2 protein chains.
Amino acid sequence: MSISSRFAVGIHILSLIEFNKDGVSSSEYLAASVNTNPALIRKIIGMLKKAGLVEVHPGIAGTKLAKELSDITLLDVYKAVNVVGDNELFSVHENPNPKCVVGRNIQDTIIPILATAQLALEKVLGNVTIEDVVKGIDDKENLK
Amino acid sequence: MSISSRFAVGIHILSLIEFNKDGVSSSEYLAASVNTNPALIRKIIGMLKKAGLVEVHPGIAGTKLAKELSDITLLDVYKAVNVVGDNELFSVHENPNPKCVVGRNIQDTIIPILATAQLALEKVLGNVTIEDVVKGIDDKENLK
DNA sequence: GTTACATGTAATAATAATAGTTACAATTAG
DNA sequence: CTAATTGTAACTATTATTATTACATGTAAC
């Protein structure tokens, strides 16, 4: 199965807050662009807030970025929205037979390999910032 | 969510066929080591067969490797068991609002980035072979 | 040919996560 | 106080996985 779109939605939200920095980014406003409902947006914003990426206060309309655009990487967002835990991108069958050479060693053998693969993926995400995404959106828009 | 354990089970199966190369690796035998039932093993073996990694024939007990150990990478297994399609590791929300700058450009902007991350992961898997896994299992076993 | 056994595959159920939705309490500004 | 917004909980629908049962199909041995 694939990684939850919460991640993509998180990127969308942060980018839109930047594009709308002179306006008020309420959950309703953001939901209209993502094309979902405000409650779902608030749930994701809650995660971004817990990770220190945005500032938002109960009762006060709007969410603001809590960091510079260039200081927020996609890895920050990916971790914030909890799509994948450390070393949990791959799942490994849980109870292989300990009476078998393969069964009693397979987990210890492949888990580090899978972790390396996961880290390679995360490293790519760590090298891209929301600033890059915002620029990418701008570039695509200007080509139209 | 995480990537199906079919992948880990596929690695387990191929490794065990090697360790048991002088014996008969029936679905029942393999299932006992993986600790699941034979039908599930046969389903996965069917996928490995379709990918040309193993040889197995209806009515005849046992599965054999169709390639050298060093010619089967974890990426081959990963693709064989269909856990993730090309460019489908990450899911992206489907109908962002085209009336918004972000909404109409977000997909084209982030999809290539996410694909790069996925490729980095797959590259790691492509550099590890079943031979490496088998050696790893042997090493761990000899330390006990 | 029939018997015994193995593979191939369909159907089903249980579980878990996602995505969407509604509802409402808590909080704040005016 | 009132209106508006955030923060959450509860619930549903959907989807994929994993496990399981059942049985048709294929092969070898007698």
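Here is how names work: the chains are called A, B, and so on, in the same order as the sequence lines, proteins then strands, and each is numbered from 1. From a predicted model like this one, the values you see are computed outputs, not experimental measurements. Only this structure's heavy atoms are used, side chains among them; waters, hydrogens and symmetry mates stay out.
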query: So, is Ser5(B) close to the dT17(D) phosphate, meaning a side-chain N or O under 4.0 Å from OP1 or OP2?
result: no

field: Value rounded to 0.5 Å, distance of NZ in Lys21(A) from CG in Leu69(A)
entry: 7.0 Å

message: Whole angstroms only, please: what is the CD1-P distance between Ile3(A) and dA19(C)?
response: 11 Å

query: Going hydrophobic residue to hydrophobic residue with side-chain gaps under 4.5 angstrom, can you get from Val77(B) over to Leu119(B)?
result: no

field: Whether Phe7(B) and Tyr78(B) hold their rings parallel, tilted or perpendicular, with breakpoints at 30° and 60°
entry: perpendicular

message: Is it the case that the side chain of Ser33(A) and the backbone of Tyr29(A) share a donor-acceptor pair, with hydrogens and angles ignored and the cut-off at 3.5 Å?
response: no

query: So, Asn97(B) side chain and Gly103(B) main chain: donor-acceptor pair closer than 3.5 Å or not?
result: no

message: Tell me whether the side-chain N/O atoms of Arg42(B) come closer than 4.0 Å to OP1 or OP2 in dT9(C).
response: no

task: With side chain to side chain contact (heavy atoms under 4.5 Å, CB included) as the test, would you mind laying out the steps for Val34(A) and His93(B) before giving the verdict?
output: CA-CA 8 Å; Val34(A) 172; His93(B) 51 301; 3.8 Å; yes

task: Take the C1' atoms of the five end pairs on each side of the helix from dG1(C)-dC30(D) to dG30(C)-dC1(D), derive the two axes, and give their angle rounded to 10 degrees.
output: 10°

field: Nucleic acid contacts - residues 95-112 of chain A versus DNA chain C, non-hydrogen atoms under 4.0 Å
entry: none

message: Under 4.0 Å, heavy atoms only, any strand: does Lys49(B) hit a base, just the sugar-phosphate, or nothing?
response: sugar-phosphate

- prompt: Rounded to the nearest Å, what distance is computed from the CD1 atom of residue Ile44(A) to the C1' atom of nucleotide dA19(C)?
  reply: 9 Å

Test item: Leu75(B) and Lys79(B) side chains (from C-beta on) under 4.5 Å apart, heavy atoms: yes

task: Report which part of the nucleic acid His93(B) touches: base, sugar-phosphate, or nothing (heavy-atom distance under 4.0 Å, all strands).
output: nothing

- prompt: What integer distance in Å separates Phe90(A):CZ from dT17(D):C1'?
  reply: 17 Å

Atom-to-atom span, NZ of Lys43(A) to C1' of dA9(D) - whole angstrom: 9 Å

message: Nearest whole Å is fine: how far is dT14(D) P from Glu94(B) CD?
response: 16 Å

message: Could you check whether any side-chain heavy atom of Gln107(A) comes within less than 4.5 Å of a side-chain heavy atom of Ile110(A), counting everything from C-beta outward?
response: no

- prompt: Nearest-Å distance, CG (Leu89(A)) to C1' (dA17(C))?
  reply: 15 Å

message: Closest approach to the side chain of Ser91(A), judged atom by atom: which nucleotide of dT21(C), dT18(D), dT6(D) is it?
response: dT18(D)

query: Base, sugar-phosphate, or nothing: which does Ala39(A) touch, judged by heavy atoms less than 4.0 Å apart?
result: base

- request: Write down the atom of Arg42(B), the atom of Ser27(B), and the distance for their closest heavy-atom approach.
  value: NH1-OG, 3.1 Å

CD/Glu28(B): more than 12 non-hydrogen atoms of other groups inside 6.0 Å: no

pair Ile45(B)-Leu30(B): side-chain heavy atoms closer than 4.5 Å: yes

query: If you find the nucleotide of DNA chain C closest to Ser2(A) and the one closest to Gly62(B), which residue's nucleotide is nearer the 5' end?
result: Gly62(B)

query: Between dT18(D) and Ser4(B), is there an OP1 or OP2 to side-chain N/O distance shorter than 4.0 Å?
result: yes

query: For residues 7-37 of chain B, which residues have at least one heavy atom under 4.0 Å from DNA chain C?
result: Ser26(B), Ser27(B)

- prompt: Roughly how far, to the nearest 0.5 Å, is the CD1 atom of Ile17(B) from the CG atom of Leu53(B)?
  reply: 10.0 Å

message: What is the distance, to the nearest angstrom, from the CD1 atom on Ile60(B) to the C1' atom on dT7(C)?
response: 10 Å

field: Integer-rounded Å distance: dA14(C) C1' and Leu40(B) CG
entry: 14 Å

